[in-house]
Amino acid sequence: MAEFLSLQEAVSRFVSDGATVAMEGFTHLIPFAAGHEVIRQKKRDLTLIRMTPDLIYDQLIGMGCASKLIFSWGGNPGVGSLHRLRDAVEKHYPVPLTIVEHSHAAMACAYEAGAAGLPFAVLRGFIGSDLPKVNDQIKSITCPFTGEELAAVPSIRPDVSIVHAQKADRHGNVLIEGIVGVQKEAVLAATHSIVTVEEVVDELGAGPNACVLPEWAISAISVVPMGAAPSYTHGYYPRDNTFYRRWDAIARDRDTFADWMTQHVLNADAQGASQ
Amino acid sequence: MAEFLSLQEAVSRFVSDGATVAMEGFTHLIPFAAGHEVIRQKKRDLTLIRMTPDLIYDQLIGMGCASKLIFSWGGNPGVGSLHRLRDAVEKHYPVPLTIVEHSHAAMACAYEAGAAGLPFAVLRGFIGSDLPKVNDQIKSITCPFTGEELAAVPSIRPDVSIVHAQKADRHGNVLIEGIVGVQKEAVLAATHSIVTVEEVVDELGAGPNACVLPEWAISAISVVPMGAAPSYTHGYYPRDNTFYRRWDAIARDRDTFADWMTQHVLNADAQGASQ
Amino acid sequence: MSTALDVTPSEMMTVTASRALNNRTTCFVGIGLPSEAANLARLTHAPETVLIYESGTLQTRPDVLPLSIGDGELCETALTTVAVPEMFRYWLQGGRVDVGFLGTAQIDKYANLNTTLIGDYREPKVRLPGGGGAPEIATNSKEVFVMVKHSRRTFVEAVDFVTTLGFGRDGTARDNVHPETARHLGKGPTRVITDLCVMRPDPETRELIVTELHPGVTREAVIEATGWPVRFAESVGTTPAPSAEEIEVLRALKARTERHHAGEATEQERAS
Amino acid sequence: MSTALDVTPSEMMTVTASRALNNRTTCFVGIGLPSEAANLARLTHAPETVLIYESGTLQTRPDVLPLSIGDGELCETALTTVAVPEMFRYWLQGGRVDVGFLGTAQIDKYANLNTTLIGDYREPKVRLPGGGGAPEIATNSKEVFVMVKHSRRTFVEAVDFVTTLGFGRDGTARDNVHPETARHLGKGPTRVITDLCVMRPDPETRELIVTELHPGVTREAVIEATGWPVRFAESVGTTPAPSAEEIEVLRALKARTERHHAGEATEQERAS
């Protein structure tokens with residue numbers, strides 16, 4: 001049953017130290033504002049799950065919020081490395097970070113299985129890859145009909161999933177449009193969910209088969225205009241590619257990063273935090 | 001690569017005697033016209049797959065086209081039994097019919113697995129049910145992470161799937177709207193597919209996340225207005241509930257049925273066949 | 001006032017079943033009687049009850065009762081419509097359903113349901129439609145309500161075939177399961193609502209016992225209509241009579257539905 | 001005419017890679033170089049090439065190259081956009097992809113790809129982004145094209161980590177698999193297109209051998225840039241030079257792309 005809460009209240013209520021948290025959005029609709037609020041509330045020891053960690057997790061990791069990362073592609077798309085992620089993995093700065101590494105297909109299937117209430121996902125995956133050698137969560141399973149061996153991974157079932165969407169109606173039903181990624185699965189797989197939206201409207205104006213999350217499948221909704229910036233919200237604002245490029249220099253150096261975060265996140269309020 | 005073919009040509013080319021055929025449509029968009037063409041072409045020994053056999057399979061079975069039926073609910077919705085199906089199961093008339101019986105959840109998952117290129121589907125299903133005792137295709141599988149036992153069924157991978165949809169564009173891309181059932185999965189799980197559509201349009205006018213089947217995932221498209229009647233096509237014509245009720249009396253008696261089929265199907269042409 | 005109403009046993013059953021649904025309950029609705037009761041609940045005391053049909057229609061608000069589980073009305077009035085695999089995987093199996101609301105052809109002492117056949121599987125006396133969504137609705141919903149007319153043919157000592165689990169042949173099938181299964185397996189049938197009474201499982205044995213009799217119904221009538229030596233709760237209540245409003249809304253709903261489904265596919269409907 | 005063009009090695013690579021795609025090929029496109037080549041193909045000789053990106057965008061026709069795999073441009077110009085699990089399950093794993101088109105950080109003699117790290121997994125010298133979609137693109141597509149700049153750092157005898165299967169450590173990993181696996185497992189990398197040459201697997205050993213040299217490139221240059229004793233095919237061809245049209249279209253595409261991504265989120269873009 002969705003409650004409309006301030007972002008501060010939503011994060012405070014549903015994100016605990018030590019929690020397993022998925023913030024999803026596949027390039028599109030990345031919940032930056034919510035990530036910043038998690039940083040401001042100094043959450044610690046989080047297990048962060050995300051197919052493509054992106055800048056949002058570079059920031060959370062760089063600020064010491066995470067002790068574990070489950071992911072499948074960790075980079076700044078089209079730009080380069082995530083320097084804070086690398087510093088945590090390679091130099092254990094600011095705190096050690098354990099990584100659990102999958103492929104996109106495996107994580108997508110693991111979210112799907114989580115949403116479907118299953119304990120594991122089956123995929124035709126990891127054939128010939130070294131990933132199963134370094135991730136003991138990748139096992140194999142035998143088809144009971146053909147005898148074929150396939151890959152199995154545990155389903156993803158976060159304590160809380162956080163996503164951003166275009167809009168909610170006044171009841172709290174949410175419309176997600178465009179590149180919908182794994183957001184529906186992330187929300188349905190989780191015990192709790194926070195959805196930030198650009199705006200609240202009287203009518204969603206959705207087509208008959210639109211991707212709508214009913215309010216009874218959501219824990220909290222926070223209205224956060226520009227809540228996905230510097231990523232983008234289809235129909236609202238474009239991706240700030242320049243910022244994505246600039247991030248490389250900001251994140252490369254520990255102090256530059258710390259200064260930027262202090263100025264743009266720690267000293268910002270919940271609504272104005274998205275860089 | 002979709003080819004626009006007459007229904008006669010499409011059925012002739014892709015439905016062989018002995019083939020495994022899925023005609024899907026969950027109450028909505030049932031491909032009656034195509035089913036009638038299969039009857040007119042006197043196909044034999046088909047394995048018919050369909051979650052809800054409905055009148056279309058009552059007709060195919062009553063006309064002796066099928067030797068096996070894979071299904072999960074066989075009735076005339078809101079009316080009663082499918083008399084031709086019962087006659088075939090109980091009295092082996094006009095030919096014996098083997099049945100393989102699942103639940104909806106299992107068949108939906110089996111189509112999903114077929115579309116996903118997997119040999120089997122896993123579900124939290126059949127707990128305490130006698131169905132696994134009478135269907136040796138329902139097995140169990142153990143989660144490699146939790147040790148929990150779940151049900152496993154073979155994926156559905158028909159030789160040909162036949163569905164009806166609202167419209168195709170001139171390239172052959174197809175839009176399905178409303179109750180979309182398992183049609184996308186049936187088409188993607190099959191080696192070949194035939195899609196009948198109400199009309200061909202310049203632009204599908206679909207939303208960003210609409211259920212669209214690309215032309216390169218379809219074998220043949222046939223333009224058959226009213227191709228789903230007496231079921232319905234959302235946005236085109238409603239369900240002919242009166243006919244569904246009338247069917248009970250028509251199908252109850254072997255001769256009445258045969259007369260009706262002769263008059264309305266065998267002696268009709270491909271376009272005018274849908275009662 | 002309400003006691004003066006001329007209420008049929010069937011209406012009594014529907015109203016009683018509708019009252020079992022709370023507002024904001026998420027209910028996976030079987031076609032037929034459950035659909036009637038669930039929509040009555042939505043049109044009376046529980047306007048925010050969320051109705052889900054297996055055709056993929058989420059949170060639907062039909063103006064008339066569907067004849068089939070996939071009527072266009074269900075889609076047109078739904079919040080959204082998802083594919084059938086998604087419906088069963090994410091919404092039912094994913095644990096989002098509070099109440100699975102089912103009808104049945106046979107039900108036994110341990111609330112097991114049979115919609116498959118009468119007789120032997122390979123040589124059936126009567127072949128019924130089959131399981132449909134019920135086997136997984138009954139095990140993946142948090143609890144199950146069953147609604148069925150009371151008769152000795154329907155209420156049998158042991159069903160010919162367990163299509164859908166109640167509590168198993170001996171009442172223990174939901175106990176001692178794998179902990180992960182236990183997290184997902186619902187409580188099973190917590191109420192059976194008939195045109196004579198309400199039955200609930202005995203907390204110890206899970207045998208269905210009569211907990212409420214509808215107004216004017218005798219114990220003998222229930223005993224007569226039940227195919228096993230039916231037991232009664234220590235204290236058997238009387239089901240509250242329907243209110244005038246409930247009966248009025250129910251009859252209007254059924255009349256609307258009748259008119260809607262009686263017509264041919266008329267021009268008027270085509271235009272709507 | 002075309003020989004007179006001043007073509008860079010990078011352009012030569014892109015044009016050659018684009019020519020590898022036939023019209024009506026369904027291509028699962030990796031970001032970066034493959035995306036550039038695939039869109040050049042679509043804008044020149046293969047207008048009906050179907051491009052799929054892992055963000056869920058099916059049959060997309062971007063006017064500018066995406067900076068990331070999930071740019072809005074990809075969705076706006078797509079036939080439809082599906083959820084990411086559906087993309088990987090139905091469209092890739094379901095066997096609908098003819099060509100998986102990948103870049104890489106390291107590639108070895110048997111066309112295995114490494115995008116995970118340099119050094120040891122637990123103590124990496126350089127941590128790379130990871131596998132992303134590549135491990136399953138490489139095994140579920142009917143065949144794979146790899147596009148990567150030629151250097152000794154990139155072309156190594158054996159990759160530090162097999163993120164993505166080529167033909168395995170000994171070239172036999174795609175042989176002798178379960179028949180059901182064989183039905184789905186593609187042919188693997190059939191071409192590697194670099195800025196110096198085209199390599200293909202030896203039909204026997206699956207070792208990558210040079211089959212074509214780009215105009216003006218010497219064998220020595222390839223040997224110098226390859227980290228193993230590279231072999232040449234019996235008859236090594238010369239890659240056809242780009243046409244003026246190809247170069248013109250490519251440069252226009254890159255210029256458009258540059259302009260598009262260079263700007264801030266300008267008012268103009270917001271309005272579009």
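Lettering of chains follows the sequences in order, A, B, ..., and the numbering in each one begins at 1.
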Requested in this report: May I have all residue pairs that pass salt bridge (charged side-chain N to carboxylate O under 4.0 Å, His left out) and include part of residues 165-184 of chain B, sequence neighbours excluded?
Outcome: B:R170-B:D202, B:K184-D:E86
Report summary line: To the nearest 0.5 Å, atom OG1 of D:T81 lies from atom CG of B:N209 at 6.0 Å
Report summary line: Most contact-rich option vs chain D, by heavy-atom pairs under 4.5 angstrom, among B:A116, B:G207, B:P214, is B:A116
Query - Residue pair B:L118 / D:R89, side-chain heavy-atom distance below 4.5 Å - result: yes
Report summary line: With B:P119 as partner, the option from D:R183, D:H178, D:E180 fulfilling side chain to side chain contact (heavy atoms under 4.5 Å, CB included) is D:E180
Query raised in the report: Is the closest side-chain heavy-atom distance between D:L58 and B:W216 below 4.5 Å?
Result: yes
**Report entry** Residue part contacting chain D, namely of B:A206, when any heavy atom lies under 4.5 Å
**Finding:** neither
Query raised in the report: If you draw a 6.0 Å radius around NZ in D:K142, do more than 12 non-hydrogen atoms from other residues or ligands fall strictly inside?
Result: yes
Query raised in the report: CG/B:L204 to OG1/D:T80 distance, rounded to the nearest 0.5 angstrom?
Result: 9.5 Å
Requested in this report: For atom CG of D:N176, decide whether the heavy atoms of other residues, nucleotides or ligands shown that lie under 6.0 angstrom number more than 12.
Outcome: no
Report task. Return the minimal non-hydrogen interatomic distance between B:L188 and D:R96, and the atom names on each side. Result -> O-NH2, 3.0 Å
Report task. Go through the steps to decide whether D:R24 and B:E215 satisfy the test side chain to side chain contact (heavy atoms under 4.5 Å, CB included), and finish with yes or no. Result -> CA-CA 11 Å; D:R24 298 186 68 80; B:E215 56 88 11; 3.0 Å; yes
